[in-house]
Number of protein chains: 2
Amino acid sequence: MDQLLDILKRNRLSVTDGRKKILEMFLKTPGALAHADIEKYTDAAFDRVTVYRTLQTFVDKGIIHNIPTSDNAILYALCKEECADGHHHDNHVHFICDTCGQTTCLDEVTIPEVKLPKGFRPQFSEMVVKGICAACQAKQ
Amino acid sequence: MDQLLDILKRNRLSVTDGRKKILEMFLKTPGALAHADIEKYTDAAFDRVTVYRTLQTFVDKGIIHNIPTSDNAILYALCKEECADGHHHDNHVHFICDTCGQTTCLDEVTIPEVKLPKGFRPQFSEMVVKGICAACQAKQ
DNA sequence: AGCAAATTTGCAATAATGTTGCAGGTTTTG
DNA sequence: CAAAACCTGCAACATTATTGCAAATTTGCT
């Protein structure tokens with residue numbers, strides 16, 4: 001079965017053009033996508049509202065996760081291993097390239113544990129590294 | 001000399017009511033503040049625009065830094081050591097409490113280095129830990 | 001295949017958030 | 001104290017996000 005359909009079905013979501021197109025974008029893109037990227041995608045001219053709702057649905061189902069950025073943008077990326085509903089186990093590092101701007105999930109780099117002050121109980125952590133990505137480095 | 005004035009003067013900023021009030025909020029607050037927090041602050045009824053500009057000025061001067069969050073909000077917190085203009089050395093971990101929602105700078109917890117895949121050159125990293133903070137833990 | 005129920009979409013309206021130019025006011029400098 | 005520099009508030013505008021509802025699509029069932 002097609003990978004797209006497989007993911008949608010596994011999450012008990014109706015298979016619609018919008019969801020297929022948006023999910024396809026994620027599967028094709030190595031890095032992360034912002035809401036704006038999806039809206040601007042030429043092939044897929046969906047209503048803004050639909051994009052918002054689709055992304056939210058995907059996050060809820062654990063198909064994609066969002067990435068914190070210190071500037072305002074919300075970025076989304078595919079979860080490597082499918083996560084349980086609402087619970088993401090994407091404990092990998094995200095890398096944002098200063099040159100090309102692309103955000104990459106470094107699935108093989110696990111977020112290290114840190115020793116917190118007394119009383120703090122950690123449940124989940126996120127880590128973002130900025131710098132120059134392998135692709136841009138190679139071009140120079 | 002008053003700490004407020006000291007900070008403003010050291011950064012060659014005019015001392016105005018707005019800046020004093022906003023900086024005072026940061027000095028009083030253990031955690032981080034969102035733009036909305038400042039705007040809602042009862043005593044300080046400044047124009048929205050003034051708040052935006054003041055926060056931007058403080059960030060530019062290295063008085064405050066912003067904290068990435070996976071939801072959309074931009075949070076700001078005081079820089080512990082004053083940073084050089086534009087260059088922040090706030091390489092500490094941020095903690096967001098799931099119970100009270102407050103964000104705390106863990107100044108004493110340094111972000112660990114991670115080993116990146118070949119070709120990636122890191123320049124700056126950020127780390128956010130979510131869980132239950134010491135204050136909320138103690139209340140239970 | 002065909003039909004009813006459930007779900008999803010697009011539109012419209014509205015809210016929330018962020019930006020810019022400019023006139024008037026405040027702070028600083030000397 | 002006066003001039004210059006800087007800051008603030010207003011207004012207008014741009015962008016981003018949310019909600020309700022009717023129409024359209026998809027699904028489950030026979």
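Chain A is the first sequence line, chain B the second, and so forth, proteins listed ahead of strands; every chain is numbered from 1.
- Partners of A:Arg53 according to the side chain to side chain contact (heavy atoms under 4.5 Å, CB included) rule, which considers only residues two or more places apart in sequence or in another chain, are A:Val49.
- A donor-acceptor pair under 3.5 Å is formed between the side chain of A:His65 and the backbone N or O of A:Ala77.
- The hydrophobic clustering, which links ILVMFWY residues whose side-chain heavy atoms are closer than 4.5 Å, places A:Phe46 and A:Val59 together.
- Remark: B:Phe120 pairs with A:Phe95 by the ring-ring contact (aromatic ring centres under 6.0 Å, His included) rule, at least two apart or across chains.
- Distance A:Tyr76 OH to D:dT16 C1': 11 Å, rounded to the nearest Å.
- Distance NZ (B:Lys20) to P (C:dT26): 14 Å, rounded to an integer number of Å.
- Rounded to 10°, the helix from C:dA1-D:dT30 to C:dG30-D:dC1 has 50° between the axis fitted to its first five pairs and the one fitted to its last five.
- Nearest-nucleotide mapping onto DNA chain C: of B:His35 and A:Val51, the residue sitting toward the 5' end is A:Val51.
- Rounding to whole angstrom units, CD of residue B:Gln56 and C1' of D:dT8 are separated by 17 Å.
- Look at B:Asp6 and B:Arg10 and you find a salt bridge, because one of the NZ, NE, NH1 or NH2 atoms lies within 4.0 Å of a carboxylate O, short of that distance.
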A correct 5'-to-3' footprint of nucleotides 19-25 of chain C, with B, S and - meaning base, sugar-phosphate only and no protein heavy atom under 4.0 Å, is BBB----

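- With sequence neighbours excluded, the residues satisfying side-chain hydrogen bond (donor to acceptor under 3.5 Å, both in side chains) with A:Gln56 are A:Asp60.
- Scanning for side chain to side chain contact (heavy atoms under 4.5 Å, CB included) contacts around B:Val15 gives B:Leu5, B:Leu8, B:Lys9, B:Lys20, with sequence neighbours left out.
- In this entry the distance linking NZ of A:Lys21 with P of C:dT9 reads 14 Å, nearest Å.
- Every residue two or more places apart in sequence or in another chain that forms a side chain to side chain contact (heavy atoms under 4.5 Å, CB included) with A:Thr54 is listed here: A:Arg19, A:Ile22, A:Thr50, A:Phe58.
- For the pair B:Arg12 CZ and C:dT27 C1', the interatomic distance rounds to 17 Å; values are reported in whole Å.
- Side-chain contact between A:Leu75 and A:Asn66: absent, with no pair of heavy atoms (C-beta onward) separated by less than 4.5 Å.
- Here D:dC7 presents its P atom at 11 Å from CZ of B:Phe58, a figure rounded to the nearest Å.
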Any protein N or O atoms within reach of nucleotides 23-30 of chain D? Criterion: under 3.5 Å, listing atom names and distances.
unit_1, atom_1, unit_2, atom_2, d
D:dT27, OP1, A:Val15, N, 2.8

List the atom pairs, donor and acceptor, that lie under 3.5 Å between side-chain atoms in residues 105-117 of chain A and the rest of the protein, sequence neighbours left out.
none

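- To the nearest angstrom, P of D:dC21 lies 18 Å from CG of A:Asp47.
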Which pairs of donor and acceptor atoms, one on a side chain in residues 25-38 of chain A, lie under 3.5 Å apart (sequence neighbours left out)?
unit_1, atom_1, unit_2, atom_2, d
A:Lys28, NZ, A:Glu24, OE2, 3.4
A:Thr29, OG1, A:Met25, O, 2.6
A:His35, NE2, A:Glu39, OE1, 2.7
A:Asp37, OD2, A:Ala34, N, 2.8

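- Taking only side-chain atoms of A:Ile74, from C-beta outward, the nucleotide of C:dG18, D:dA17, C:dG10 with the closest atom is D:dA17.
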